[in-house]
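Per chain, numbering begins at 1; letters A, B, ... match sequence-line order.
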Amino acid sequence: MTDNNFCISVQDVTKTVDTPDGELDILQNISLKVRYQEALVIKGASGSGKTTLLGLMAGLDNISSGEIILLGQSIADKTEEQRSGIRAGKVGFVFQSFQLVQGATALQNVMLPLELGGDKNAAEIALTSLQQVGLETKKDILVDLLSGGEQQRVSIARAYAVRPQILFADEPTGNLDAKTGQQIADLMFRLRDQSGTTLILVTHEAELAKRGDRQVLLESGRLQGKS
Amino acid sequence: MSGLPKIQSYWLMLIATVITVAIVNTSQMITQRISLLLDRQASELLAADLVLASGDPFADEYSQQALKLGLRLSRTISLRTAVFLENDVQLVELKAVDALYPLRGHLEKTVDLSDDKTRVQVGPIAGEVWIDSQLLALLGSDVALGSSSLTANWLLTYEPDRGGTLFNLAPRILMNLADLPATGLVVPGSRVIYRLLFAGEQSQVSAFSTWLKPRLREGETIQDLENARPEMRRALERTRQFFAFSIVLTLVIAMVAIAITARYTASREAPKVAMLRAFGISQSRLFRFYAWQLGKVWIIATLIGIGVGWISQFPLQWALDGWFGKELPPVTALRPYLVAAVVGFISLAGFSLPYLVNVIATAPMQVFRHISSPQSVRRNLLVSGSAIVTVFLVLIILIQSSKLAIATLAIILVTALLLPAIFSLMINLLLYSGPRGFWMRQYLLSRLKTSTRGAVFVMSGFSLALLAILLIAVVKDELLSSWQTQLADDIPNYFLINIPAGDIAGIRQFLKARKVQSSLAYPLVRTRLTHINDRSIKEIEASSHNSAHLLNHTFNLSFARDLPDDNAVVEGKWIDPDSGLAQMSVEKGMAESLQLAVGDTLSFSVGSDVIKAPITSIRSVLWENFKPNFYLIANRQLIEDLPQTWLLSALINDNQKHDLRQLLERFPSVTLLDITVLMARVRGIMKRASIALEFFFLFALASAFIVLFAAVQTGRHERQNETALLRALSARTSHLYQINVFEFTLMGTLIGLFSALFASLSGWIISVYFFQIDYHFSPALWAYSLASAIIVLTIAGTLVGRKVYNISPMKILRS
């Protein structure tokens with residue numbers, strides 16, 4: 001059963017992996033719902049399962065049990081190909097380590113998801129997106145030559161270029177110094193406010209976590225407090 | 001350091017080293033055995049491994065020593081005598097042979113020239129003689145030889161050691177040595193040539209030759225391959241050179257495989273090494289550990305490689321036995337095993353250690369953060385320099401011909417330097433041209449351009465492997481077909497020699513009337529070289545066997561208005577037929593042996609006459625084309641009045657052979673020489689070498705497979721990350737499939753194009769400059785190259801690529 005007010009619904013999800021010492025539950029009985037345009041922060045210590053939960057919510061991996069509804073569609077029993085189809089044009093990502101295509105320019109990196117989605121005006125949209133993050137003058141520079149902060153701005157421009165309904169951000173300031181991290185966080189929330197995109201942010205930084213509409217805490221694979 | 005990788009982690013490098021050791025071991029064993037066989041083939045031209053000739057009987061000590069060393073021995077005696085042929089006197093070359101003759105090779109006889117010939121291992125029995133076709137009229141009758149009368153039962157059609165050149169022949173009568181005393185032809189003062197023929201193992205022959213040389217008396221000469229038929233010698237030399245060259249190319253692929261797998265292994269080990277260094281483990285300790293791991297790889301690879309090599313000789317021997325009709329001579333020496341082990345060690349150390357040193361010397365932070373340092377150039381130089389030294393050392397060990405070794409090294413170096421530069425250039429050109437869209441062309445090219453992917457290195461390595469395969473497979477066919485063209489079925493198969501000048505017109509008319517194709521007729525004037533630049537040849541010390549032979553040789557001097565077929569003037573100017581000045585053209589090999597140059601003056605004795613002429617040109621001669629070829633050609637005016645006979649060659653097919661009897665009856669002084677057997681032998685040698693090469697081709701393919709495997713494995717980690725990222729960015733499987741096919745098709749196209757280009761260039765250089773054969777542009781080579789590179793790479797790449805299609809995009813969050 002789906003609820004149109006929620007873009008993601010996680011119901012009693014468990015993620016188990018095989019280890020040399022037997023099965024290990026990374027996440028146990030997680031249930032939570034995310035409203036459209038909400039900024040949800042998942043926080044927790046290192047190894048608590050934050051990134052795994054983000055990945056499962058985005059359909060980047062299979063759950064072991066439970067149910068996840070992403071944008072009105074169950075992704076629990078879907079193949080990677082089908083999940084990719086559900087994400088296409090509706091979901092954006094910002095990664096801790098930027099994950100840009102090295103050897104390509106800033107503009108080309110932003111164009112990539114647009115072209116994968118078959119957008120004919122990829123170059124124009126990508127340029128607009130770069131303007132929004134203040135990098136239009138560096139559009140033709142190879143990303144390898146940009147600073148860490150600039151690379152993360154390209155990554156944000158790439159994520160927003162497809163006008164996603166949901167933006168998943170995994171420790172977006174984790175690889176940056178405090179000042180640059182602050183600028184990146186400002187940029188991300190500004191764009192989110194402008195676009196009304198749902199933001200699901202994973203971080204262990206308390207200051208950044210406070211900027212979300214709602215915070216959930218993960219401890220040893222279990223959700224603490226109210227979800 | 002129990003956490004470090006075990007020997008199993010190096011299995012790709014291990015297989016590449018096993019193949020290298022196996023190639024060297026097999027090639028060393030087989031080359032040695034084929035060489036022995038080719039020597040034996042050559043020996044058949046002498047009917048022995050070594051022949052001693054003299055005008056006087058030999059001292060018994062020669063035979064005793066030979067027998068003591070375990071050699072087999074045969075005796076022949078040759079002399080000129082005359083027989084009555086249809087009421088006319090005919091000069092003949094009588095040769096008396098014992099029951100062991102020939103020690104090498106065989107004889108062929110027939111009763112009818114148009115019938116099949118019978119191949120036999122022994123000569124005439126007592127009481128009979130075998131006669132040349134020129135003496136056809138005597139067949140079946142008794143031939144009076146001195147005081148004896150012997151029955152001519154057979155026509156002799158092939159005799160392995162008949163003469164130093166094709167044309168020095170009076171008609172032959174072969175008889176049993178036991179009948180010779182009764183003829184009374186050999187008396188003190190007779191002009192007789194005694195020959196002792198020896199055969200045995202190479203070491204025995206060599207020991208005997210060493211013992212014999214200081215004991216030779218005046219007038220005694222040793223004959224060996226050097227003064228056997230030039231056309232056969234050239235064919236053997238070329239075959240050996242081509243054989244050695246192909247083995248080196250096979251080895252190059254194996255070394256490329258080691259280089260690529262070493263790089264792949266090093267790149268995989270880099271994060272572990274960086275981590276261990278971060279934990280404080282010293283560079284020297286890490287180096288010792290990895291050096292020991294490489295040592296284990298070498299020991300295991302050497303043992304397996306030698307085993308594979310040892311086993312490989314059996315199928316090859318089986319394949320070749322059919323051709324040779326006898327077992328390949330055994331190899332007992334340890335050398336093949338030692339050389340294989342040494343080459344394996346040099347190759348493994350030379351290609352792996354630089355990568356190992358680089359990985360260990362790289363600061364851990366650079367590895368963790370994937371950044372290059374200013375020392376990268378120096379490290380690349382270390383890898384390149386070490387590779388060059390390695391290839392050079394291996395070539396020095398394996399190639400006997402320094403010219404070929406240096407040329408091969410140069411070609412490999414130029415190719416190895418040019419290919420990466422060309423591939424980088426091509427990728428950049430493609431990257432900065434074409435439509436603006438990023439996906440998928442620009443995306444792929446930008447990925448190929450990054451050094452972490454190693455695409456340029458892999459493309460260069462695979463291209464070098466393909467180039468070597470093309471050179472072996474296609475250029476081999478080119479060379480063989482060029483040889484075959486020279487020995488085409490429609491080239492003359494008979495020489496008509498000893499033609500009196502007055503019969504030339506009649507013979508030509510006879511042949512024309514029967515539609516027999518024939519060549520130009522050439523005169524032959526028998527001469528001896530007496531002086532070089534007014535210095536008597538008796539004062540000239542021979543610098544080699546060959547020069548000694550040439551100095552004592554009876555030459556057939558000819559004259560010609562035009563340069564004969566397949567001759568090329570390499571120095572000076574061809575004879576000006578109208579100048580009337582004395583001019584001489586000398587064959588290149590003879591000029592080199594006797595250190596002759598244009599401008600030198602040669603003097604010859606012809607009976608009581610002396611002729612003198614300056615050398616005006618030096619010619620290369622394609623001896624193995626079986627056309628009339630000459631060491632010396634003069635201008636017409638110089639020799640036209642001297643005593644001469646003429647020769648011409650003709651293509652006489654099976655239907656026309658019935659006319660041969662009529663020809664010999666009408667022109668009784670003419671000797672008919674069937675060279676079909678000789679031509680078949682040259683063809684046979686090439687075919688045998690070709691079979692052996694095809695066997696090595698299997699090793700080449702195995703190496704190429706390792707190169708291919710390492711090529712598609714290299715950058716797999718990168719490809720997995722790319723796939724995960726593309727998946728996170730919502731790429732469909734069709735996108736991943738397209739990019740994968742596009743990547744390998746593009747790489748295959750570039751590799752195929754440049755391999756074909758380099759193979760064509762190398763093939764041209766090798767054909768023209770080393771094998772002196774015309775090179776024909778081969779569209780097939782381009783087709784093979786493109787098709788094989790694209791098909792093989794795309795299929796292999798797609799199969800490997802499929803494994804990463806289903807990779808979880810979570811990997812990108814975890815990286």
Side-chain angles (χ1 to χ4, degrees), chain A residues 15 50-56 58-62 79-105 107-120 122-123 126 142-144 158-159 161-162 164 168 170-171 175 202, chain B residues 368-372 424 427-428 430-432 434-456 715 718-739 802 804-815:
Chain A
K15 177 68 179 175
K50 310 186 292 288
T51 298
T52 304
L53 178 58
L54 181 91
L56 292 178
L60 297 183
D61 203 358
N62 283 319
T79 63
E80 177 48 48
E81 174 75 355
Q82 290 166 327
R83 293 200 298 269
S84 186
I86 294 170
R87 287 197 301 271
K90 296 168 190 158
V91 166
F93 287 96
V94 174
F95 305 101
Q96 180 177 0
S97 51
F98 322 140
Q99 298 298 342
L100 298 173
V101 179
Q102 301 295 302
T105 64
L107 183 69
Q108 287 173 331
N109 266 280
V110 181
M111 285 165 69
L112 180 59
L114 293 163
E115 290 189 330
L116 286 172
D119 202 317
K120 302 286 180 203
L142 296 178
V143 290
D144 324 35
R158 180 178 67 183
V162 294
F168 292 95
D170 179 35
E171 302 276 13
N175 272 7
V202 161
Chain B
F368 295 144
R369 305 200 66 179
H370 301 289
I371 52 175
S372 58
S424 291
I427 289 172
N428 277 315
L430 290 170
L431 190 58
Y432 297 115
R436 277 185 64 210
F438 183 51
W439 181 262
M440 123 186 100
R441 200 178 64 94
Q442 300 268 46
Y443 170 82
L444 173 66
L445 290 167
S446 64
R447 303 308 304 127
L448 291 180
K449 199 181 157 189
T450 56
S451 58
T452 47
R453 184 72 165 268
V456 167
E718 286 274 316
R719 220 170 268 125
Q720 284 177 340
N721 275 347
E722 287 166 31
T723 303
L725 174 63
L726 289 173
R727 275 295 195 194
L729 297 178
S730 306
R732 300 301 187 88
T733 304
S734 59
H735 287 123
L736 303 177
Y737 182 76
Q738 281 168 10
I739 195 80
R802 281 167 64 94
V804 298
Y805 289 172
N806 292 324
I807 199 158
S808 167
M810 273 302 279
K811 183 179 165 61
I812 211 71
L813 288 176
R814 299 276 176 219
S815 64

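Of all the listed residues (Glu171(A), Arg83(A), Gln102(A)), the one sharing the greatest number of non-hydrogen pairs under 4.5 Å with chain B is Gln102(A). Interface summary for chain B: among Leu112(A), Leu107(A), Thr79(A), Leu56(A), the most heavy-atom pairs under 4.5 angstrom belong to Leu112(A).
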>> With side chain to side chain contact (heavy atoms under 4.5 Å, CB included) as the criterion, how do Val101(A) and Leu725(B) come out once you've worked through the C-alpha distance, each side chain's angles and the decisive distance to 0.1 Å?
In response: CA-CA 9 Å; Val101(A) 179; Leu725(B) 174 63; 4.2 Å; yes

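For Ala104(A), the parts lying near chain B are the backbone and the side chain together; criterion is any non-hydrogen pair under 4.5 Å. Using a 4.5 Å cut-off between heavy atoms, Arg158(A) touches chain B through its side chain atoms alone.
Taken from CD in Glu80(A) to CZ in Arg727(B), the straight-line distance is 5.0 Å, to the nearest 0.5 Å.
Counting all heavy atoms, side chain and backbone alike, Gly85(A) lies closest to Arg732(B) at CA-NH2, 3.3 Å. Ser446(B) approaches Gly103(A) most closely through the heavy-atom pair CB-O, 3.3 Å. Of all heavy-atom pairs between Ala728(B) and Leu60(A), the closest is CA-CD2, 4.1 Å. The two residues Leu116(A) and Leu729(B) come nearest to each other via the heavy atoms CD1-O, 3.9 Å.
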